[in-house]
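Right, one structure below, let's go through it.
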Amino acid sequence: MNALKSAFRINRDLILVLIITLVLGGYTAQANAKQSLFETFKPIIVIDPGHGGQDGGARGSDGTLEKTVTLQLARLIATKLEPDFKVMLTRTDDYAVELDQRTAAANHLKADVFVAIHTGGSFVHSTIGTAIFYYRNSSGPDPTRDNPSSGNPQRQRGNRPILWKNVQNSHIPQSRTLAGMIAARLQGLSALQSRIEGAQLAVLQGAAMPAVLIEVGYLTNPAEEKNLRDQGFLLDLAEHISLGIEDFLARIKQ
Ligand SMILES: [Zn+2]
């Protein structure tokens with residue numbers, strides 16, 4: 001009888017172990033499936049570091065080049081966002097990329113957000129501040145961007161055909177929201193004054209998703225150039241811009 005009892009107990013224990021293994025295994029498989037599903041549906045963010053190669057962009061009096069600052073900052077933003085999002089840069093080193101190729105890359109990836117990074121440049125050394133631009137369709141000259149010195153090549157050029165012409169039009173309200181959310185986060189950086197402007201920028205025109213262009217201060221202002229050479233300041237900027245992008249993505253997911 002005792003032998004029978006203990007045999008029964010062994011069997012019962014075995015069955016228990018088997019059940020636990022099956023249940024736990026099931027949960028693990030489910031968790032893995034959930035994780036890979038999550039990976040598949042991670043929002044895609046394209047960061048576009050302005051200029052590159054022969055095109056250095058604006059230059060500060062200490063010789064800092066816009067193309068260098070934009071790439072450094074884009075890399076830092078990518079590092080901040082990468083755990084939770086798929087992030088792609090339109091250039092990963094110092095080489096030239098055409099404006100329409102930058103937008104095309106974002107469209108091809110079906111990105112959820114496109115953020116171009118630039119710095120300002122002006123003959124007036126006292127010009128300061130950060131500006132966040134969304135696309136504004138206008139047939140006339142842009143009254144908010146009447147600055148011939150900046151020489152920003154992302155401006156629309158003459159009759160050059162633009163890929164996905166007017167695609168951005170249907171995303172303008174969301175682009176403006178994105179600009180507002182990044183600006184709100186940048187207010188946390190006391191050294192900066194942020195403004196939001198609509199402008200007819202070619203690099204935004206063909207973007208088939210919410211898209212903004214951020215000018216992170218003026219390289220031609222000696223104080224801002226000094227900031228933009230400072231890794232700690234760039235890290236702060238990257239942190240605040242990333243938070244603005246995250247705020248926006250959390251809002252459109254609702
Ligand atoms: Zn630029």
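Side-chain atoms are counted along with the backbone in the values below, which use heavy atoms only and exclude waters and symmetry mates. All ligand and atom numbering here is 1-based and tracks the order in the structure.
- Looking at residues two or more places apart in sequence or on another chain, you find no side-chain hydrogen bond (donor to acceptor under 3.5 Å, both in side chains) involving D230.
- With sequence neighbours left out, N221 forms a side-chain hydrogen bond (donor to acceptor under 3.5 Å, both in side chains) with no residue at all.
- Not one N, O or S atom of E215 sits under 2.8 Å from the Zn ion (ligand 1).
- Atom OG1 of T119 and atom CG of L73 lie 10.5 Å apart (nearest 0.5 Å).
- Taken to the nearest 0.5 Å, the CD atom of Q54 stands 7.5 Å off from the NZ atom of K67.
- When the N, O or S atoms of E66 are ranked by distance to the Zn ion (ligand 1), OE2 comes first.
- Sorting the N, O or S atoms of H118 by how far they are from the Zn ion (ligand 1) puts ND1 first.
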